[in-house]
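These values consider heavy atoms only, across backbone and side chains, with no hydrogens, waters or symmetry-generated copies. Please read these numbers as outputs of a predicted model, since none were measured by experiment.
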Amino acid sequence: MNIFIKEQVLKCIFLLAFPHVGFFCVCPSHDTVRELMDAQKEEATEEGINYVAMRNLFVREAREALDVKVVKKTRSTQIKESVERMELSRTVKFFLGLCGFLDEWTQFRRKMNPDNLTHPPEFTVKPRGQTVWEGKTVKLHCTVAGWPRPKVAWYKNNVLIDVKAHPEKYTVESNYNMHSLEIKNCDFFDTAQYYISALNVKGEASSVATVVVKHGFCHEHGVTFETTIIDKFEVAFGREGETLSLGCTVIVYPTVKKYQPEVVWYRNSVPLKPSKWVHTHWSGERATLTLIHLNKEDEGLYTLRVNTKSGFDTYSAYVFVQDADVEVEGVPVAPLDVRCHDVNKDYVVVTWKQPAVEGSSSIQGYYIDRCEVGCHHWALCNDVPVKYARFPVTGLVEGRSYIFRVRAVNKAGISRPSRVSEAVVAMDPSDRARLRAPWTGMIKFTEEDPTVGVVPGEPTDVVVTEATKSYVVLAWKPPVQRGHEGVMYYIEKCISGTDTWQRVNTSAPVKSPRFALFDLAEGKSYSFRVRCCNSAGVSEPSVSTGEITVGDKLGDIPVATRNTATSVVVFWKACKDVKHLVGYYIECSVVGTDVWMPCNNKPVKQTRFVCHGLTTGANYVFRVKAVNPAGYSQSSPNSDALVVLPAISVPGKSTGVTLLEAVKDYMVLGWSPPANNGGADIRGYFLDYRTVKGNAVGKWHELNHKALTTTSYKAENLKENVFYEFQVRAMNMAGVSKASLPSASLECKEWTLTVPGVPVGLHVLEIRDTSVVVLWETPTFDGRTPVNGYYLDFKEASAGEECWKAAHEKVNKMKYMKVTGLKSGTSYVFRVRAQNLAGVGKPSELVGPVLAKTLPGTKEIYVDVDDDGVISMIFEFPEMKPGSEFVWSKNYQAIDASRLTIVSEQGKSRAIFNSPSLEDLGTFSCVVTNTDGISSSFTLTEEGESLLLCSSAWFNKIWFSPVIPFKTEMAMELLEKGRVRFWTQVEKCTSACQVEYVFNDLIISHGQKYTMNFDKNTGIIEMFMDSLEVTDEGTYTFNLVDGKAKGTTSLVLIGEEFMELQKKSQFERAEWVRKQGPHFVEYLDFVVTSECDVLLKCKVGNVRPETEITWSKNSIEIAEGDEDLSKKDAGVYEVFLKDDRGRDKSTFNLTDAANSSSEIKVISTEHGIILYSTVTYYNEDLRVAWLHKEAKIAASERVKAGVTGEQLWLKINEPTEKDKGRYTMDIFDGKGSVKRFVDLIGQDRARVIGGLPDVVAIQEGKSLNLTGNVWGDPVPEVSWTKNDKLLVSDERYKLKFEQGKFASITIAAVTTTDSGKYALLVKNKYGTEAGEFTVSVYNPDDEECGGKKAERSKWAKRFTLTHAGVPKQFK
């Protein structure tokens, strides 16, 4: 059989095996068989995203090569044909075996085995990135190897390039293994990354190249366009519901016929597209943007960009949209920016942004409404308000379109609805992708028989995409094995710790691979899994998600900070570790109002925001709060208060650049500061120069690289006989000003003049209606002899040169002068000439014109003498600006800090004379910086100084050492519950009196431990402590300030005194706790009745019927029925009280009285010492004897013994050295005795035993020396106080303690301030004592001064004086 017969047999076999291929009406060849087998291989390959895109592209070739004919078959027909094919296959195999072709068929199949002949694609030459001019054409080339021959596709930024849809833009060629992409007429939007993907049955490979299109090449017109934007729109404010238009005029030069620039509008850097809300218009000269029905979504930074062939120009301004008025007071405003995400067949996620204003109360949640497109019925999606700004809406109908809106709710009501979202269609994402894909024209047939009745596989990659307090959202991937029948899903949940799985959607399975679960318990952990189902059955469950705890995942929002510039720029730190940040809201409040207003109604994500619409001159504070879907953060702390003022700008131009001195190789130049400093101090100057030769000038060069702080400069290293020009630029914190006008051409040659140069630095201060003060600096060039004076000239600004007149006749040796006699409202100019022995020099540069008119808000300096006789000068200017300050000077020079103390606060500055004397005579002036020249001066003459000094002494005499008098010094008492009360009482005080509570030099305040109270009506000051701890040992002090008067009182609690008080406090508190339950009012004691019976009795309180009362003797419970008291009844008796509130116990020791005595204890009193012992009970039969050194002590006035109750005591008044030794107490009860001992060795309390007077009167200027005699064992500690304040040994107070007995204080040259109440304090472990005395310092001259001016008793404390220093008015 020949080859032709073999080929025909193979064709028949192929047609019998694949009868459906016959519908294409082609003759199958070897290539056809290979392509069909490749197609079968493709069907077995999982379809990826890139594969599907390329397949849709490649089927166009099949559409061009083949004609499609569709034939429908019934199910029975398909089954019948399948059986026939199987039978025919057996017959063909048998026939081939008979004919000897079976081996050849096997070889052919082996040859077609793809594993032996095919390999994946490989790029042998990759495409290279290119940069091209705008308007040019670029071509990308590559070479790809692989078998079967790979199919290639081109992408731009991961988007498939549809060449046939854009033939004018792209051309693709494929010759053998070489492929190319041609991009024609490139523009700015062609700048991108271009990918080429190669695909065959063995795999896929890709490569990337970057194309950059540059502006600037203008081949079309050959001109360079310059764009200017004028008539710019400013910062705009609108309200919701209004219409707002923005516009600018655009000038493009040169004008080219039929050429128009590209005008693009942006909002927050996002291009705007025309819509029903946005209208744009370009008239050829003016660009206009109209915003229809404003909403908060329209707020933002709007930018106009004008693109030309030569480049682009932009302009931006912010648009603020305020909320519309609410219908109900206190309800929140509407949410904004409603969007839809993750749209599926029956499910969509709706998100929004929280509004800036929550209303009268915090927002409790949000309601979401939906509406089908085409109808007007809004349906509520949630019955309970959701707090999270993200909500999954379920229950949608597949194929229908929906829009959504959101409303906020708080305690006051529900807000207006937000702007509606964009319409979305409820459908499967894969169906939406097929609708968007271009039509390929090819229908692919597959056999459904093998997958009929197959149960789908389990879903994969089940994850929790969102977990909040309100809901959980699950997502998964469909199963690989699912057949051609659609699948649906069941969701199951399991509570952590159990093995029970519960189906969530029992009513109907879901169609989308997304599902939102509600009604979960917050804080519990859940696991989730998913099952697939179709008509064949339900799949196995997916892998569980693991335990998920229901709750918000989002973190805390950090606090923001603030910095300002002007009008007003607010900065803050970015939030860290926060998820899903939406943005920030900025709020402002006028200081003192506590009313916060939003600065923006749409969240901003940057950390810098310009707040507009503020009131000029108002004082504002700002705060920032962040927002994310979980809600608002806490507001940041308030910023520092800021006064809204015009922005600081660069200074104006300097003026008057003149030559002050010239030598062979240098020149000294001077200039005047700019009239406008830009709102900030001038920080320095920069000087430039250039050479001049005839009419030709050179380039400008810098003379100094470091800013100059003076208005003159020595320009060195110049060339002799060369002409130069100079210009000056001033600098402040905002930047450097423009250059001044160039000076005249100045020749560098040495001056031979004998007269001085011109004065420099002229400026004016203290401008009034009829006067002004002119100041200047000395000339740089003195001439042949030093300058010895100046002449000041002035004239009206509009007058001619002949109108100059001198301000004075005699030469002025000072560098300032006050010009008087001016006309109010007239402008003047001034000049100054310097003089030396050779004559008068040239006049300076003019200063002015200066308008003779008092500036608004200007006040004069006045003198004040306060209650302490302190003299000060005061200048006030309430309208202080940020950065402004008061600057004082004497004779217009820096003041001596040792003579004056300057205190400035809140628009008021006080210059206090430290020690007034004749050295302080002169003119004192004060200038407020960063103003238009606010200043004033005061001249202090010798006569005025004398009057002030005398009045100061008089005040010192009248108000000598103002001290707040105390009616009672600080005392302490123990209250119920063991509370401790420290208190004192002043004789009188005003409502302005303030108290400072101090413990061991530390100021304490009202809180959990301390409670303070000050009744200013009664003058009682109290401080309470609930208990005393070990750390509370020390000194407690009350410091009082009432105007100029002060007062101090203290109480020392240390050593045994503190320990005793602490024990009492603890006992009192324990007693209070004991009395909360059943307790003993009177403890167990005995009474002998008239029948000679011994009755043990006690008194109880706060008992109940259920209270148990138990008696015991020697810890053994006893009952009724005991007989008469006898020796055997001696013992320890106890009574117990007990119930659920507590328990108490009383004990009585009925034993020998003598044996019940305690050890001897010693206490110190103000008169001496006491030795004592305590017995359980005392009767008259007991005999007590006291012995000293084994000798019986006889009673006397100084030594006494006795019994008080159950206490046996011995008192020793004024103990001496002879009283030291062993003391014995002998107690005899008639049968035996008991002795108790104590040794008094070195025990003597601290005392001041003499040497100090009660009152000391001493003349001012004398020295004071006092010595006090001290006694005590151990040696006491010694300290001195003045007005209850501890003194420290220094140069003024010399304190000594010698030989353990003599304490001395020395004050050299006492003054009236040394008057007061002094005390010598001595202290040891056995006691404390104080020796007090009063020091009064007098001055004989005070009486003489008071006699000469008796009428001064009518003077007020404040003076207003003329500039001559003579009192003008006394109030």
Over 12 foreign heavy atoms within 6.0 Å of CZ, R339: no
Checking side-chain polar atoms at under 3.5 Å, does R623 have a donor or acceptor matched by the opposite partner on S636? no
Just to verify, which of F237, F320, Y318 counts as forming a ring pair (Phe, Tyr, Trp, His ring centres under 6.0 Å) with H612? F320
On a heavy-atom basis, the closest approach of N344 and P513 is OD1-CD, 3.6 Å
Consider side-chain contact (heavy atoms from CB on, under 4.5 Å). Of I363, N601, D323, V627, which one does P355 pass it with? I363
Taking V213's backbone N and O only, do any of them form a donor-acceptor pair with T191's side chain (distance below 3.5 Å, no angle check)? yes
Rounded to the nearest 0.5 Å, the CD1 atom of I586 sits from the CZ atom of F622 at a distance of 10.0 Å
Look at D298 together with K602 and state whether they make a salt bridge at an N to O cut-off of under 4.0 Å. no
Can you measure from CZ (R305) to CD (E262) and round to the nearest 0.5 angstrom? 8.0 Å
In terms of heavy-atom contacts, does CD of E285 have more than 12 from other residues, nucleotides or ligands at under 6.0 Å? no
Are side-chain N/O atoms of K214 and T131 paired as donor and acceptor at under 3.5 Å? no
Would you find a donor on one side and an acceptor on the other, under 3.5 Å apart, between the side chain of N307 and the backbone of V264? no
Say whether H179 and S174, considering side chains only, have a donor N or O and an acceptor N or O under 3.5 Å apart. yes
Compare every heavy atom of P335 with every heavy atom of R416, then report the nearest pair and how far apart it is. O-CD, 4.2 Å
Counting distance only, does the side-chain N/O of Y585 pair as donor-acceptor with the main-chain N or O of Q354 below 3.5 Å? yes
Would you mind reporting whether T227 and F312 have side-chain heavy atoms less than 4.5 Å apart? no
What residues, two or more places apart in sequence or in another chain, satisfy side-chain contact (heavy atoms from CB on, under 4.5 Å) together with T290? T243, S245, H279, T288, I292
State, with a plain yes or no, whether a side-chain heavy atom of Y347 is found less than 4.5 Å away from one of D342. yes
Using a strict cut-off of less than 4.0 Å between a Lys/Arg side-chain nitrogen and an Asp/Glu carboxylate oxygen, indicate whether K164 and D162 qualify as a salt bridge. no
So, the side chain of Q130 versus the backbone of K139: is there a donor-acceptor pair under 3.5 Å, distance only? yes
Got a second to check how far W378's CH2 is from C371's SG, nearest 0.5 Å? 5.0 Å
Spell out, as yes or no, whether a donor-acceptor pair under 3.5 Å connects the side chain of S418 to the backbone of V406. yes
Using the rule given for side-chain contact (heavy atoms from CB on, under 4.5 Å), can you reason through Y402 versus V397, listing the C-alpha separation, both sets of side-chain angles and the distance that settles it, and then say yes or no? CA-CA 10 Å; Y402 294 90; V397 179; 3.5 Å; yes
Nearest 0.5 Å, please: how far is CG in L336 from CG in N295? 7.5 Å
Are L272 and T280 close enough, and set up right, to give a side-chain contact (heavy atoms from CB on, under 4.5 Å), and what steps lead you there? CA-CA 9 Å; L272 292 176; T280 59; 5.7 Å; no
Quick one: closest heavy-atom pair of W572 and R608, and the distance? CH2-N, 3.9 Å
Verify, without hydrogens or angle tests, whether K296 (side chain) and N600 (backbone) share a donor-acceptor contact under 3.5 angstrom. no
Close side-chain approach of L396 to V348, heavy-atom, < 4.5 Å: yes
Exercise: identify the closest heavy-atom pair between M597 and Y620: CE-CE2, 4.5 Å
Is it true that a side-chain atom of E297 and a backbone atom of D337 form a donor plus acceptor pair closer than 3.5 Å? yes
Can you check whether T303's main-chain N or O pairs, donor with acceptor, with S316's side chain at less than 3.5 Å? no
Within the side chain of N382, is there an N or O that forms a donor-acceptor pair under 3.5 Å with the backbone of I368? yes
Heavy-atom side-chain contact between R370 and V350 under 4.5 Å: no
Assess whether side-chain contact (heavy atoms from CB on, under 4.5 Å) is satisfied between K169 and I183, documenting all intermediate values. CA-CA 6 Å; K169 188 68 178 177; I183 307 172; 4.1 Å; yes
H293 vs W277 aromatic rings, parallel, tilted or perpendicular, using cut-offs 30° and 60°? tilted
Could you check whether any side-chain heavy atom of K156 comes within less than 4.5 Å of a side-chain heavy atom of D190, counting everything from C-beta outward? yes
Got a second to check how far D369's CG is from H377's NE2, nearest 0.5 Å? 9.5 Å
Are there more than 12 heavy atoms of other residues, nucleotides or ligands under 6.0 Å from atom CD of E226? no
As a quick check of understanding, evaluate side-chain contact (heavy atoms from CB on, under 4.5 Å) for N268 and Q606, giving each step before the final call. CA-CA 11 Å; N268 297 331; Q606 64 271 20; over 6 Å; no
What is the distance from atom CD of Q193 to atom OG1 of T210, rounded to the nearest 0.5 Å? 4.5 Å
Do other residues, nucleotides or ligands put more than 12 heavy atoms under 6.0 Å from R128 CZ? no
Closest heavy-atom contact between E587 and C599? C-SG, 4.0 Å
Among residues at least two apart in sequence or on other chains, which ones pass side-chain contact (heavy atoms from CB on, under 4.5 Å) with V263? W265, W282, A287, L304
Check whether any side-chain heavy atom of K184 sits under 4.5 Å from a side-chain heavy atom of E168, and report yes or no. no
Given 3.5 Å as the limit, does a donor-acceptor pair link the side chain of S401 with the main chain of A423, or not? no
Under the criterion side-chain contact (heavy atoms from CB on, under 4.5 Å), which of P332, S415, P598 is the partner of V357? P598
So do K136 and C186 actually touch side chain to side chain, heavy atoms under 4.5 Å? no
Nearest heavy-atom approach of F404 to C340 is CD1-SG, 3.5 Å
Heavy-atom distance under 4.5 Å between the side chains of Y194 and P127, does that happen here? no
